[in-house]
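The block underneath contains the structure these notes are about, expressed in structure tokens.
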Amino acid sequence: MNGKHVTKLGFEKQAVGLALSAAHDREARGVSRSAILQELRDVQADPDAYLHDATYAPLASHLRAQAREAHARRGTALRTEPLPYDVWGAHLIDTAARMQMDTAMRLPISRAGALMPDAHVGYGLPIGGVLATEDAVIPYGVGVDIGCSMMLSVLPIQHGAVKTDEAVSLLKRHTRFGAGVGFERKAWRGHPVLDERTWQEQGLLRHLHGKASDQIGTSGSGNHFVEFGTFTLDQADLGLEPGTYLAVLSHSGSRGFGAQVAGHYTRVAEQLHRHLEGPAKKLAWLPLDSDDGQGYWQAMNLAGRYALANHDLIHARLSEALGVKPLAQISNSHNLAWKQHVNGQELIVHRKGATPAAAGQLGLIPGSMADPGFVVRGKGHAAALESASHGAGRQLGRKAAQAQVPKRDVQAYLQDRGVTLIGGGIDEAPQAYKRIEDVIREQRDLVDVVGRFDPKVVRMDTGNEDI
DNA sequence: ATGTCC
């Protein structure tokens with residue numbers, strides 16, 4: 001037996017050496033050449049069956065790894081030209097975000113996409129990007145804050161019946177903000193999501209259950225907030241009479257748990273796609289039918305449910321402190337991937353900072369710390385992959401905002417609108433965001449406005465510089 | 001977005 005016999009069977013690279021070494025082993029045991037060649041063909045045909053074989057295990061395990069890599073690289077070259085996609089509010093979107101979306105539309109797994117009017121640059125896929133892929137999921141197509149979401153509770157309380165001081169005190173007592181933060185032991189409350197069996201189904205999830213439990217019911221940093229405000233309905237909807245109500249609006253995500261899930265699977269995806277370079281590097285994907293693809297899908301969906309559980313507890317604590325039950329509650333995730341039929345085909349639709357807006361579907365689109373947010377109803381626009389913006393979108397990056405926006409301008413903006421702010425930073429200044437009215441106007445074909453929320457008392461994490 | 005490297 002020599003290398004020629006083995007390469008003739010189709011073994012490549014390191015597999016040649018491993019096959020040869022196994023063959024010599026069998027020869028030494030007196031097995032005939034033709035029998036050995038048949039054994040090698042059998043291992044080749046079904047490596048899984050030989051993973052524990054005394055002679056062929058190393059070869060079998062290597063063949064399996066080769067097959068996985070080949071599977072991951074299947075059709076791996078980028079298209080020369082991006083697939084066409086529609087853009088809403090193009091004049092509000094900078095070139096860099098458009099270029100990121102172009103790169104995403106060149107991936108071999110991409111089938112359709114759209115850019116929302118709040119779009120701006122992110123890692124990999126731009127924020128405000130919607131991307132449909134076939135049989136593959138991109139961790140950075142969902143983003144770091146997996147399951148980041150909104151929730152609104154409309155309360156059976158006259159607006160104005162809760163004074164500013166009381167609202168400030170309620171927010172300080174019943175919400176917690178910031179990286180690594182959880183409720184203190186005596187104030188901690190659990191949630192059924194923490195009892196799901198899913199946590200036991202992956203090593204990574206078992207490992208992160210403690211952190212998730214510590215941080216449940218809290219808000220993060222950056223653009224996350226919890227606020228009291230007035231909710232105005234011009235006509236009866238949501239089971240409510242027209243009028244102005246006291247309401248709570250929150251923006252929160254999956255905290256450290258989701259961030260670590262994102263980090264882990266992004267590394268796995270990048271390892272699988274070492275050939276991806278430049279702007280495409282962060283768009284590395286996982287085949288959905290691979291162990292890692294399934295693992296990400298399971299962890300991502302758990303992070304989505306966990307993020308909504310955080311909102312549940314935020315709203316439960318505040319409602320209970322006021323001694324009321326919400327009249328209506330609305331929520332939606334805007335950083336997640338869904339299985340969705342697109343032109344009759346089931347695809348994976350990534351929304352990274354985009355609100356699901358199927359026909360009739362309710363959603364929440366916030367403005368900024370001192371600008372209105374809107375309850376919207378989707379119109380199911382096919383070219384937008386049934387999506388809308390997730391907010392106003394950044395106009396200035398965090399650093400640019402710190403450098404350009406004077407603190408007194410932010411204070412004046414807040415004062416003009418009668419907004420009281422706890423925490424917050426210049427990087428979250430209203431002046432750093434696009435005008436929400438412009439963004440809503442650009443997507444009138446994607447959503448109808450149902451009602452309007454005006455923030456009055458806002459709590460955020462403390463930014464780099466307080467306002 | 002995240003105790004910004006499992």
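Below, chains carry the letters A, B, ... as their sequence lines are ordered, and counting in each starts from 1.
Atom CZ in A:Phe177 sits about 14 Å away from atom P in B:dG3, given to the nearest Å. Following rounding to the nearest Å, A:Leu208 (CG) and B:dT2 (C1') show an atom-to-atom distance of 12 Å. To the nearest angstrom, P of B:dC5 lies 17 Å from CG of A:Leu204. Distance NE2 (A:His264) to P (B:dT4): 18 Å, rounded to an integer number of Å. Between the CG atom of A:Asp214 and the C1' atom of B:dT2 there is a distance of 15 Å, given to the nearest Å. For the pair A:Asp461 CG and B:dG3 C1', the computed distance is 12 Å after rounding to whole Å.
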Could you tabulate the donor-acceptor pairs under 3.5 Å formed by side-chain atoms of residues 419-426 of chain A, not counting sequence neighbours?
none

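With respect to the salt-bridge test (charged N to carboxylate O, under 4.0 angstrom), the residues A:Arg189 and A:Glu320 qualify.
Between A:Val144 and A:Gly263, the one whose closest nucleotide on DNA chain B sits nearer the 5' end is A:Val144. Of the two residues contacting DNA chain B, namely A:His224 and A:Gln260, the nearest-nucleotide position lying further toward the 5' end is that of A:His224.
Within the structure, the ring pair (Phe, Tyr, Trp, His ring centres under 6.0 Å) test picks out no pair touching residues 406-426 of chain A (sequence neighbours left out).
With distances taken from any side-chain atom of A:His207 to the nucleotides B:dT2, B:dG3, B:dC6, the minimum falls on B:dC6.
Residue A:Arg267 has no polar side-chain atom (N or O) positioned under 4.0 Å from OP1 or OP2 of B:dC5. Here A:Lys211 does not reach the OP1 or OP2 of B:dT2: none of its side-chain N or O atoms lies under 4.0 Å away. Note on A:Gln215: a side-chain N or O is less than 4.0 Å away from OP1 or OP2 of B:dG3.
For A:Ser331 and A:His311, the side-chain atoms include no donor-acceptor pair closer than 3.5 Å.
At a threshold of 4.0 angstrom between heavy atoms, the contacts of A:Gly253 with the nucleic acid are absent.
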